[in-house]
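The structure under discussion appears below in the form of structure tokens.
Below, each value reflects all heavy atoms present in this structure, side chains not excepted, and no hydrogens, waters or symmetry copies. Quick note: residue numbers are just sequence positions, from 1.
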Amino acid sequence: MKKASILLCLFIFFSSFLFGCRGKEGQDSSFSSGGSDAASVSSADLSNMDFSFSDRDLSGEYDKNTNKITASEKGFETSAGGVQSRDDGLYITKGGTYNLLGNVSDKMICIEAGENDKVQLVLNSVRINNKNGPAIYIKGADKVFITLADGSNNQISDGSDYTFTDGETSVDAAIFSRADLCINGKGSLKVLGNSKHAVVSKDDLIVSDATLDVTSKNVALGGKDCIKISSANITAKAGSDALRSDNDEDAARGYIYIDGGALSLTAQNDAIQAQTVIKITGGSFAIQAGDTESGALTYSSESSKGVKAGSDIIISGGSFNINSLDDCIHSNGTISISEGTFTLSSSDDGIHADTDLSVSGGDISILQSYEGLEASKIAISGGKINIKASDDGINAAGGNDSSGMGGRPGQGMFSSGVGEIIISGGYTLIDASGDGIDSNSTVEVTGGITLVSGPTNGGNGSFDYDSSATVSGGVLIALGSSGMAQSFSEAQNQGAIYVSFSTRDAGTNLALCSSGGKVIASFTPQKAYQTAVITAPQIQKSQSYTIIAGGSVSGADQNGFAQNVSLSGGTTLAEIEMTDLLYGAAGHNVMAPGGHGIPGGPGGPMGRPGGFYR
């Protein structure tokens, strides 16, 4: 976002000098320009991560007639071998399937089997409330399956004030496991983490085909090594994070994988947080992250992101409705989106990656954001994107926003000279109050349809970059204010046009027409405008064109966009003869007709390279 004030520009310049906020030369891009291959971005080694489920994870089958255990207020009754009833609860000491039914208070189920044992605990309309500690404590086993009997309703809760330790381990969840834990079956389970956490596994946590209703003062579902969810129905309300995997000692752990299901997550902090990778291939997500007051998001110093990963987020399917105080989708590394439907509202960024952000498919609607898409390098090769931003619509800048400074969560320092935007496909609609498209270095357009509305203030531009902007394909129409206006610096295969005119009201269609009267491309912006940057394959040298405002375009879509259609009525704003592939701007900001300097052009206060009307 550029500022027109000379004083502010000087301040930024000297601040950059003093703090060394300069872009790194020779940085490698992890995606190439153009093509669907741009979606394959990753900074983590995924080869050692297990994105799969065992047959037993998925089946939820169990033997109904073996090792029956009855719980009552007197304790536990059973004739099963490998089971001990003690004063504080029931202890299972060997592998096998155990069928539990009934209610019990102030006692726990403790599983302390051998390191190679697999234990299946079947809950059949069970209610356990232990005010003295965890309700279920898995001390030892190879893997434990908590299976919810078909059609059963179960409830597990711990006390609100207790201290329970086992050696150096603080056992602080209603269900606490030191072994791999899988919750499956076609019943339902309500878990109340009254003291701290609800469900915690110090190894893997898997939820498959089960219905969970989880409430916690801290973390709702925690799997240190990983969380994997398959076709589960999960409602979670968390005092901190709803889903968290936080192994920071092994690069192949600390990940979350979700393959289907319905998740409704309400978190005071992050809704889904992984130390390394989040991979989502399907599912329905309703996410609220951050403190709320009368239904409105309010500022917090804590991280309150919808989906947050330390290295990579990979989304290839699913339906997402995210309302977050901080970024809706955030990665300290890369983000790759190839499919899915997204409805996002954020007090900060809609989608933010510290390094690479790739969109090759999906339907993304960012209803509210500070900046819509933000990363060091942004590649759009497919999909449908609709952005509304109070600052920049698409912003490519080096650095990260994790240092939190200023009035919005996540706001931080970015490097100048580092930033890359590549548009090779897709349909992108931007409504921005700051810069529509903003790169701290380069912009490259090789395909797709890109429509930009705004800004209206003179300190910003609908199309903005620091180094160069090239076009060789695609359609782009950017309509906004003139104060910081820029056009393309280089064109190949097709031309680019910049024109300015008296201000047109919001909702006034603008169309570029051929000499024969056909509409080459049209757009109806949501903001008033006085400049237009237009490129399309039909713009060629030695051809003439007309720009018309306020006409009626046949066959236009809901954004007023159409190609190769007819136009009736309207006011002619400019008649253009293309003597070169660039019209109106040879480089950065342009000179207004008559040679009056504007910021950035020759004679303007910033002294940036400019161009002239041809």
Side-chain angles (χ1 to χ4, degrees), residues 69 71-76 85-92 98 100-112 119 121-141 144-148 152-183 187-203 205 207 210-224 227 234-244 246 265-269:
I69 303 169
S72 68
E73 294 308 312
K74 296 180 180 179
F76 299 93
S85 182
R86 304 178 189 172
D87 291 341
D88 61 345
L90 184 78
Y91 286 74
I92 298 173
Y98 301 86
L100 178 65
L101 67 156
N103 304 328
V104 66
S105 299
D106 302 334
K107 296 184 185 296
M108 70 174 176
I109 303 287
C110 180
I111 297 173
E112 48 180 3
V119 175
L121 178 64
V122 180
L123 304 184
N124 194 341
S125 299
V126 170
R127 190 182 187 96
I128 304 174
N129 176 28
N130 183 20
K131 68 180 181 181
N132 302 313
I136 298 177
Y137 175 34
I138 301 166
K139 183 175 182 178
V144 172
F145 299 84
I146 295 178
T147 299
L148 312 179
S152 66
N153 297 309
N154 307 277
Q155 180 171 314
I156 302 294
S157 61
D158 60 357
S160 59
D161 184 17
Y162 65 87
T163 299
F164 191 106
T165 59
D166 190 345
E168 297 182 354
T169 301
S170 178
V171 181
D172 51 8
I175 299 177
F176 190 97
S177 178
R178 298 173 67 175
D180 292 342
L181 171 61
C182 174
I183 301 175
S188 67
L189 173 64
K190 184 174 184 177
V191 184
L192 303 175
N194 293 314
S195 177
K196 196 171 184 181
H197 309 308
V199 181
V200 167
S201 170
K202 289 298 183 180
D203 286 326
L205 174 61
V207 183
T211 298
L212 301 186
D213 184 350
V214 183
T215 303
S216 65
K217 285 190 174 181
N218 203 311
V219 175
L221 297 175
K224 185 176 180 65
I227 295 176
I234 299 173
T235 300
K237 296 179 181 180
S240 62
D241 300 336
L243 274 64
R244 180 200 290 174
D246 57 2
L265 309 176
T266 303
Q268 291 292 92
N269 298 141

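Here the closest heavy-atom approach between residue S201 and residue L181 is recorded as OG-N, 4.1 Å. Closest of all the heavy-atom pairs between A179 and D203 is CA-OD2, 3.4 Å.
Going from atom OG1 of T147 over to atom CG of L189 covers 11.5 Å, rounded to the nearest 0.5 Å. The structure places CD1 of I183 at 7.0 Å from CG of L221, a figure rounded to the nearest 0.5 Å. The CD1 atom of I136 lies 4.0 Å from the CD1 atom of I156; values are rounded to the nearest 0.5 Å.
Every residue meeting the ring-ring contact (aromatic ring centres under 6.0 Å, His included) condition with F164, not counting sequence neighbours, appears here in chain and number order: Y137. Judged as a side chain to side chain donor-acceptor pair (under 3.5 Å), and not counting sequence neighbours, E168 has no contacts.
At least one donor-acceptor pair closer than 3.5 Å links the side chain of S240 to the backbone N or O of N218. A donor-acceptor pair under 3.5 Å links the side-chain atoms of N154 to the main chain of S125, judged by distance alone.
Partner D172 forms a salt bridge (charged side-chain N to carboxylate O under 4.0 Å, His left out) with one of K217, K196, K202 and no other, that one being K196. Just one residue in the list V144, I138, I111, T169 forms a side chain to side chain contact (heavy atoms under 4.5 Å, CB included) with R178, and that residue is T169.
Side-chain contact check for H197 versus S216: every heavy-atom pair is 4.5 Å or farther apart. Within the 4.5 Å cutoff, the side chain of D88 has no heavy atoms near those of the N132 side chain.
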**Report entry** Stepwise side-chain hydrogen bond (donor to acceptor under 3.5 Å, both in side chains) test for T235 and D213
**Finding:** CA-CA 5 Å; T235 300; D213 184 350; 5.4 Å; no
Report task. Take N153 and S188 through the test side-chain hydrogen bond (donor to acceptor under 3.5 Å, both in side chains) and record every step on the way to the result. Result -> CA-CA 5 Å; N153 297 309; S188 67; 2.7 Å; yes
